[in-house]
Structure formats: C-alpha cells, structure tokens
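First up is the structure itself, then whatever we jot down about it.
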Amino acid sequence: MSRLDVLIQRMTVQRECLNFLMNELQKKNNEGLVAVELGLGSGRTYDHIREGLPHMPFYVFDYKIDCHPSCEPAPEYAILGEIEKTLPPFAEKFQGKACLIHCDIGTKDLDRDNKVYSNLIPLIQKLSNPGTLIASDRPLSAPWLESIELPKDAGKWPYYLLRVT
C-alpha cells in the first residue's frame with residue numbers, strides 16, 4: 001500500500017471515529033464540560049473537533065504550536081510543554097469536567113508510547129466522569145474504561161474508542 005493510501009486510511013478512521021463521538025456528545029447536555037486534545041500536531045483533528053463542537057471550551061496540549069495558522073487554538077486554550085508536567089495541574093483544575101478526550105501523541109517508538117500512555121491513565125481518569133468519551137491512537141486499558149466498537153465505515157487502521165464507566 002502506498003504511503004498516500006496509508007495516510008488516507010488513517011485520516012478516514014480518525015474522521016469517522018471523531019464524527020461518531022461528536023454525534024454521541026450532541027445527544028447529551030454537556031454544559032460546563034470541556035474537550036481535551038492531547039497532541040495538537042498539525043491541527044487537523046483539533047480543527048475538525050472544534051468545528052463539530054463549536055460552543056465547547058477545547059483545550060490543547062503539545063510541546064509547541066506548529067500547525068497551519070487556521071488551526072491554531074486561542075492562546076488561553078493552548079497548554080504548551082511536556083505533557084507529563086502540564087497535564088497534572090490541568091487535571092486537578094478540571095477534575096471530572098472532560099466530556100471528550102482525544103489522545104494522539106503516539107510515535108514510532110512503541111516502548112516510549114506505552115510508558116507515556118500508561119502514565120496518562122490516572123490523569124485521564126481524574127479529568128473524566130462517567131460517560132466521558134475517549135479516542136486514542138494507542139490502546140488504553142483500565143478497569144473503568146469500556147471499549148466502543150469502531151463505526152462500520154471507519155476503515156482499517158488501529159484506533160481506539162472508549163467510554164468511562
């Protein structure tokens with residue numbers, strides 16, 4: 001499969017999964033809740049989610065802003081630096097307030113990713129409430145997480161949808 005086809009497949013899965021989660025959220029009263037993007041990257045998924053949930057406060061975490069200018073979050077919603085250092089105080093401040101968490105900070109180093117993601121689990125739990133929806137590019141496992149089947153039209157790419165129980 002060409003690299004272009006791989007990228008299209010990955011983007012299709014992300015889009016369909018995020019659309020599914022946003023549709024689920026639109027059925028609920030999410031007043032006072034926030035969305036969280038762990039990993040801004042090029043800003044594509046951030047831009048897609050903020051378009052789908054335009055009235056929701058949406059916080060972004062990354063080392064630096066390095067995306068297309070049209071995808072930049074407002075400065076008050078961009079938390080920059082090492083996620084291991086910036087997420088704990090945010091999780092304390094917004095404890096139980098996240099209705100959507102998109103976690104896309106995976107790299108080509110799976111050992112590194114497993115360590116980082118396992119360290120994020122308690123912080124994700126702190127941010128979450130029963131019903132919080134999570135999309136992740138790496139598997140997340142905890143007794144309070146329930147897997148959600150990917151939408152049928154999503155395609156084939158490793159992507160994970162979860163709900164906090």
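For the atom pair NE2 of His102 and CG of Leu133, the computed distance is 12.5 Å after rounding to the nearest 0.5 Å. Here the straight-line distance linking atom CZ of Arg44 with atom CG of Leu18 works out to 12.0 Å at 0.5 Å rounding. To the nearest 0.5 Å, the span separating CE on Met1 from CD1 on Ile8 amounts to 10.0 Å. From Tyr117, atom OH reaches atom OG of Ser136 across 5.0 Å, with rounding to the nearest 0.5 Å. Between the CD1 atom of Ile49 and the CE atom of Met56 there is a distance of 10.5 Å, given to the nearest 0.5 Å. In this structure, the separation between NZ on Lys97 and OG on Ser128 is 13.0 Å, given to the nearest 0.5 Å.
Phe20 and Leu162 sit in two unconnected hydrophobic clusters of ILVMFWY residues. Membership requires side-chain heavy atoms under 4.5 Å apart, directly or through other members. Put simply, Phe58 and Leu127 are part of two different groups of oily side chains (I, L, V, M, F, W, Y) that touch within less than 4.5 Å, one to the next. Clustering ILVMFWY residues whenever any of their side-chain heavy atoms sit less than 4.5 angstrom apart, transitively, puts Val34 in the very cluster that holds Leu38. Follow the hydrophobic side-chain contacts under 4.5 Å out from Ile148 and you reach Leu25 in the same cluster. The same ILVMFWY cluster, assembled from side-chain heavy atoms under 4.5 Å apart, contains both Ile101 and Val116.
For the pair Leu80/Thr86, no side-chain contact is recorded, criterion being any heavy-atom separation below 4.5 Å from C-beta on. Counting heavy atoms from C-beta on, the side chains of Gln26 and Leu53 come closer than 4.5 Å.
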Working for side-chain contact (heavy atoms from CB on, under 4.5 Å), residues Arg138 and Leu110
CA-CA 9 Å; Arg138 296 288 184 263; Leu110 294 179; 3.7 Å; yes
Yes or no on side-chain contact (heavy atoms from CB on, under 4.5 Å) for Leu145 and Val164, after CA distance, side-chain angles and deciding distance?
CA-CA 5 Å; Leu145 288 173; Val164 175; 4.0 Å; yes
Steps toward side-chain contact (heavy atoms from CB on, under 4.5 Å) verdict (Glu72, Cys67):
CA-CA 7 Å; Glu72 279 188 28; Cys67 62; 3.8 Å; yes
Steps toward side-chain contact (heavy atoms from CB on, under 4.5 Å) verdict (Asn19, His48)
CA-CA 9 Å; Asn19 286 347; His48 190 70; 2.6 Å; yes
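Counting non-hydrogen atoms of neighbouring residues, nucleotides and ligands closer than 6.0 angstrom, the CD atom of Glu31 reaches no more than 12 such neighbours. The number of heavy-atom neighbours closer than 6.0 Å to NZ of Lys28, taken from other residues, nucleotides and ligands shown, is above 12.
Under the ring pair (Phe, Tyr, Trp, His ring centres under 6.0 Å) criterion, no residue pair touches residues 142-165, with sequence neighbours excluded.
For the side chain to side chain contact (heavy atoms under 4.5 Å, CB included) criterion with Ile134, the lone passing option out of Leu21, Ile124, Val36 is Ile124.
The heavy-atom pair separating Leu120 from Cys103 by the smallest distance is CD1-SG, 4.1 Å. Looking at every heavy atom in both residues, Thr165 comes nearest to Pro143 through OG1-O, 4.3 Å.
Partners of Lys27 under the salt bridge (charged side-chain N to carboxylate O under 4.0 Å, His left out) rule, at least two apart in sequence or in another chain, are Glu24. Judged as a ring-ring contact (aromatic ring centres under 6.0 Å, His included), and not counting sequence neighbours, the contacts of Phe94 are Tyr59, Phe90.
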